[in-house]
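In each ligand, atom 1 is the first atom listed, and ligand 1 is the first ligand listed. Numbers here simply count residues along the sequence, with the first being 1. Because only heavy atoms are used, hydrogens play no part in the values below, and waters and symmetry mates are left out as well, while side chains stay in.
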Amino acid sequence: MRLQPIYDIAEICAQQGVTNSIVCPGSRCAPLTLAFARHPDITCRTFSDERSACFVALGIAQQTQAPVSVVCTSGSAAYNFAPAIAEAFFQETPLLIFTADRPAEWIDQWDGQTIRQNNIFGAHVKKSYTLPQEYDQPDASWHIQRIVNEAITLSQEFPKGPVHINVPLREPLYPGKDEKITFSKVKKLVRVTPSSLELTQTDKEALYKSLSKYTKILVVGGQQLFHEAEAKSIGRFCKNNHAALVGDVISNLHSLPETVRHADTFLGQCIDSVKLSLAPELLITFGKSVISKNLKQFLRKYKPTEHWHIQPHGITADPFQSLTRLIHCSSQNFFESFQTPGNIEAFKDQKKENYTRLWQAEESRTIRAMKNYFIESRFTEFHVLKELISSLPARCNLHLANSMTVRYANFIGLTEKNKGLRVFANRGTSGIDGCTSTSVGHALSNKVPNILITGDMAFFYDRNAFWHNYQLPNLHVVVVNNHGGVIFNLIDGPGNLDEKDEYFITHQKLNASHLATEFGFDYLKIDSLKKVKNTLKDFFEFEGRTKILEINSDQKTSRETFEQFKNTIKKSYEA
Ligand SMILES: Cc1ncc(C[n+]2csc(CCOP(=O)(O)OP(=O)(O)O)c2C)c(N)n1
């Protein structure tokens, strides 16, 4: 069969563990669509909006911890994958992107749905391949199989990420009426033996020697998926080495009692002398981005003597402008390497302990101030979210859309009680364009409750996340509807500009009830204080249907509330 090498791509994917596929409708991609749809070991789903489809794939890949293949037709369809590809690139999530294309001789010939697709995703894929377009050569199959194997491997090598395969296809694209698609026993499967990402004994000794020089050790976790064993080793490391640990909500370190989670809140308000006392001598980081601008500014200003970043390999960011050492191993291996405290002098031990206590003291002060602040029941988006986060199910995935929702959640903070909770957010590029679709991908590939908290702009932007035929019984969405981007009302930038309302906040009038009706979802609304408790109770009942909870809010109250919050924290330093 002429298209056999293309059909066999699905076979290689299945055998290499790429068992989830998203396909978007089109003609040029028909051979790929049929291959993935008919392969018995592949779960294939279809989504019509390519932008949303690729974010859904991202969510599935994060949830299943395996690459997901995504297929689209030629032309602008491919470009619509780009936002999710960029997000996957910076969140280091493996995707296998197949874009169907015209044969090379038809590019730039005014043919329909034809654009320049080679390297179309530029620097946001790990590599871009183009498959051969003629298959009569005996080496063509070997070539295609080699590329697909290599692409799958590459997508999973550290740092994981999206890999693009452009597939020029010649007509006829559809099989004949009685033609059956079968999958060959592919001859080429390249398996990978992973290299060990472990420190040698000599490395450990040298690092330990440096480590023991310092009495002020600060560990900061960036965005990462939850990893139980790793979290435990981080906790033990901090305890044994008297290191302070800071992790905001996307670091997934909330299960550790010692994690300082309110650094963003207090570093934004405390006086310089407090900051000086918190300044580390040795900063140890792992994971990716941090949300907190205040933490970034603090670390950039109060530079440590040494900054070690732990990362198996690859390009390394230096967001605090202080990096002095890259440690090429897994975080778990690093933190397990220094579990038993060495023979250090008691006074040094005491000094170290004092430093961690300083961080804990600021954390406790903030928790106390926040308690006072939230004690009064008020109807504001911040207060309702506080209540909502306190009522989350013990085991669930919490998806935080970009803009204020991820920040509110970070201010509120999760506790050890939330240890069954996993946090996800598109902080690779911080776009508002695919937050809902990514949570849909997660909800499709796990059974636990998935709760998305989103602003109205992010929610309506990505409404095609629901434009498909799959049930999402375990997805419940909270829409904080302040009718615009409240963030532009809260941050310093737009300030009192005349253009603030029209061009930054961009007031929008929609409410979520129509959308809920359109898609057949349950709809709940909180528009007053007295509705909060009961509505939240109903919202957290998982009864086999998607639920949308809209919190009616307004820009003015949100702004005032946020200012009051910051003032409360500031005042706690004056008392
Ligand atoms: C794709 C994309 N376009 C524009 C932005 C810039 N942006 C950041 S926040 C925001 C407004 C978000 O509003 P909403 O989702 O209602 O959340 P709120 O600010 O009210 O919390 C915009 C437009 C972005 N992050 N991503």
Side-chain angles (χ1 to χ4, degrees), residues 49-56 58 79-91 124 223 249-250 264 289 291 293 380-386 388-389 398-412 424-439 451-466 477-495 497 499-512 515 526 548-563 565-566:
D49 176 334
E50 285 85 6
R51 182 169 57 79
S52 169
C54 203
F55 277 109
V56 172
L58 171 78
Y79 257 135
N80 281 294
F81 278 169
I85 288 176
E87 181 62 33
F89 184 78
F90 288 110
Q91 270 207 70
H124 293 117
Q223 179 170 29
V249 73
I250 56 170
D264 194 31
S289 65
I291 299 175
K293 200 169 173 182
T380 76
E381 59 188 41
F382 200 9
H383 285 75
V384 178
L385 285 183
K386 170 80 170 77
L388 188 131
I389 287 175
L398 178 63
H399 304 276
L400 300 168
N402 283 311
S403 201
M404 277 315 287
T405 41
V406 70
R407 291 186 171 80
Y408 281 141
N410 192 40
F411 289 128
I412 292 163
F424 300 92
N426 282 354
R427 296 302 292 179
T429 64
S430 302
I432 57 167
D433 44 356
C435 306
T436 312
S437 296
T438 309
S439 71
I451 292 133
L452 164 68
I453 309 180
T454 173
D456 50 288
M457 298 277 285
F459 179 72
F460 291 112
Y461 195 132
D462 193 19
R463 55 187 295 153
N464 278 352
F466 303 117
V477 182
V478 182
V479 185
V480 181
N481 196 350
N482 45 43
H483 299 281
V486 78
I487 194 163
F488 298 110
N489 228 333
L490 305 186
I491 56 174
D492 294 335
L497 290 179
E499 293 86 352
K500 184 170 85 172
D501 280 329
E502 186 176 354
Y503 294 103
F504 292 89
I505 296 169
T506 51
H507 295 277
Q508 66 81 27
K509 297 189 186 99
L510 300 184
N511 72 62
L515 182 145
I526 298 183
I548 308 275
L549 165 63
E550 186 161 38
I551 299 171
N552 268 12
S553 177
D554 70 272
Q555 298 275 328
K556 189 168 166 282
T557 319
S558 305
R559 188 189 166 119
E560 285 166 4
T561 324
F562 192 59
E563 287 305 318
F565 175 69
K566 288 198 291 190

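Proximity to Met404 (heavy-atom distance under 4.0 Å) selects the following atoms of ligand 1: 21 (O). Close contacts between ligand 1 and Gly431 involve ligand atoms 25 (N), 26 (N) [criterion: under 4.0 Å to a heavy atom]. The distance from ligand 1 to the heavy atoms of Ile487 drops below 4.0 Å at these ligand atoms: 9 (S), 19 (O).
Residue contact annotation: Gly484 has a non-hydrogen atom under 4.0 Å from ligand 1.
Ring planes of Phe382 and Phe565: perpendicular class, angle over 60° (limits at 30 and 60°).
Between Phe460 and Ala512 the shortest heavy-atom distance is CZ-N, 3.8 Å. Nearest heavy-atom pair across Thr405 and Thr454 is CG2-C, 3.7 Å.
Remark: the backbone N or O of Asn482 is paired with a side-chain donor or acceptor of Gln555 at under 3.5 angstrom. Within the 3.5 Å criterion, the main-chain N or O of Gly484 finds a donor-acceptor partner in the side chain of Asp456. Judged by distance alone, the side chain of Glu381 and the main-chain N or O of Asn552 form no donor-acceptor pair under 3.5 Å.
Counting only heavy atoms of the protein, atom 7 (N) of ligand 1 lies nearest to Phe488 CZ, 3.9 Å. Protein heavy atom at the shortest distance from atom 15 (O) of ligand 1 is Ala458 N, 2.8 Å. Of all protein heavy atoms, the one closest to atom 16 (O) of ligand 1 is Met457 N, 2.8 Å. With respect to atom 12 (C) of ligand 1, the closest heavy atom belonging to the protein is Ser403 OG, 3.5 Å.
Some N or O of Ile432 is nearer than 3.5 Å to an N or O of ligand 1, by distance alone. The shortest N or O to N or O distance between Asp433 and ligand 1 is not under 3.5 Å.
For the residue pair Asn464/Arg51, the side-chain donor-acceptor check at 3.5 Å is not satisfied.
Screening Val479, Leu388, Val477 for a side chain to side chain contact (heavy atoms under 4.5 Å, CB included) involving Leu549 leaves a single residue, Leu388.
For Lys556 and Glu560, the salt-bridge test passes: some basic side-chain N is under 4.0 Å from an acidic carboxylate O.
When heavy-atom distances to ligand 1 are checked against a 4.0 Å cut-off, Asn482 comes that close only through its side chain, counted from C-beta outward. Contacts of Ser430 with ligand 1, taken as heavy-atom pairs under 4.0 Å, involve the backbone alone. With a 4.0 Å heavy-atom cut-off, ligand 1 is reached by no atom of Phe459.
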